Amino acid sequence: MKGGRSKAGSKNDDKLSVKQKKGKKVKDPNKPKRPPSAFFVFMEGFRKQFKEKNPAVKGVAAMGKAGGDAWRSMSDEDKAQYVTVAEQRKKEYEKKLKAYDNKQSGEIEEEESDKSKSEVNDEDEEGSDEEEDDD
DNA sequence: CCAGTGATTGTTGTG
DNA sequence: CACAACAATCACTGG
């Protein structure tokens, strides 16, 4: 079962888990989230497939188990392609961190009023490589 | 009505 | 060095 990797044997589960407690209402819209691991990258495609093969499945548990099972079934080389992608994701993540850091230095706190976002189609300028197809 | 839960593994962050 | 928390996903549930 799961090989030895898991929990590193921490018997004493005291209140060590204090959870970072996000009590602070610090809203960091620019704060980049952690890059997806190879497993998640693989899941990105797997989720779609799983849904198609199991449209009746509800919840994430079923998918998670199926995903984890399939993931371990893959060969390291097969996973390598996802790992490679994950590496790139991480790289971009670092870039985002830099941008985020830049904001911290430049824009300390920019409150944005909820202007009517009617015809104003303002796009985030960060994407740049986002292709949008018109329908 | 909103936010949390449940399960997966990997990666990053923090102590 | 070792652990802890979080990353996405989605349907459901409680207060």
Side-chain angles (χ1 to χ4, degrees):
Chain A
M1 154 176 275
K2 300 13 75 140
R5 177 205 42 35
S6 67
K7 277 166 190 117
S10 64
K11 263 177 188 177
N12 110 28
D13 37 329
D14 261 344
K15 295 158 195 205
L16 259 165
S17 57
V18 72
K19 269 178 164 75
Q20 293 215 326
K21 208 101 189 248
K22 41 190 109 187
K24 293 249 181 177
K25 59 169 176 181
V26 203
K27 55 171 176 183
D28 293 334
N30 306 340
K31 185 170 171 167
K33 302 186 182 170
R34 289 182 304 192
S37 42
F39 177 63
F40 268 48
V41 178
F42 155 72
M43 265 274 229
E44 283 185 49
F46 183 82
R47 280 177 301 228
K48 281 199 284 271
Q49 274 190 5
F50 186 86
K51 291 283 284 190
E52 288 197 22
K53 296 198 171 206
N54 308 293
V57 165
K58 356 175 178 316
V60 293
M63 199 159 48
K65 281 181 188 162
D69 186 45
W71 176 253
R72 301 225 214 100
S73 277
M74 295 180 109
S75 306
D76 294 350
E77 283 149 33
D78 289 336
K79 303 193 296 196
Q81 60 196 311
Y82 299 103
V83 175
T84 308
V85 176
E87 293 243 1
Q88 291 179 5
R89 288 281 175 154
K90 184 172 58 192
K91 218 184 340 194
E92 283 189 50
Y93 165 71
E94 289 177 37
K95 182 157 54 183
K96 289 283 215 307
L97 269 177
K98 202 167 71 133
Y100 170 69
D101 181 53
N102 181 20
K103 284 270 202 193
Q104 293 291 325
S105 281
E107 269 175 273
I108 297 154
E109 188 123 17
E110 173 105 30
E111 207 63 49
E112 198 135 344
S113 297
D114 58 333
K115 286 169 116 170
S116 44
K117 60 165 160 191
S118 281
E119 62 256 288
V120 185
N121 68 341
D122 56 336
E123 224 95 273
D124 267 20
E125 58 284 301
E126 331 264 357
S128 63
D129 60 320
E130 199 71 297
E131 241 94 273
E132 57 245 344
D133 50 302
D134 49 292
D135 334 30

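Letters go in sequence order (proteins before strands), and every chain restarts at 1. Predicted model, so just to flag it, every value in this text is computed and none were measured.
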| said: Looking only at the side chain of A:A61 (C-beta and beyond, no hydrogens), which of the listed nucleotides C:dA8, B:dA7, B:dG10 gets closest? | reply: B:dA7
| request: Mind checking ring pair (Phe, Tyr, Trp, His ring centres under 6.0 Å) for A:F40 and listing every partner two or more places apart, or none if nothing turns up? | output: none
| Residue A:L97, side-chain atoms from C-beta onward, closest of B:dA7, C:dC12, B:dG13 | B:dG13
| If you round to the nearest 0.5 Å, how far is CZ of A:F50 from CE of A:M43? | 9.0 Å
| field | Hydrophobic cluster identity match, A:F46 and A:V83, side-chain contacts under 4.5 Å | value | no
| task | Report which part of the nucleic acid A:P36 touches: base, sugar-phosphate, or nothing (heavy-atom distance under 4.0 Å, all strands). | result | nothing
| query | Across the strands shown, which category fits A:G67 at heavy-atom distances under 4.0 angstrom: base, sugar-phosphate, nothing? | reply | nothing
| Closest listed nucleotide, where the reference is the side chain of A:V60 and the choices are B:dG10, C:dC12, B:dA7 | B:dA7
| Between A:Y93 and B:dG13, is there a side-chain N or O to OP1/OP2 distance below 4.0 Å? | yes
| said: Test of understanding: clusters of I, L, V, M, F, W, Y form through side-chain heavy atoms closer than 4.5 Å, transitively. Do A:F42 and A:V57 belong to the same one? | reply: yes
| task | Would you mind telling me which of C:dT9, B:dG10, B:dG13 lies closest to the side-chain atoms of A:W71? | result | B:dG10
| A:F40 stacking on C:dA7: centroids under 5.5 Å, ring planes under 30°? | yes
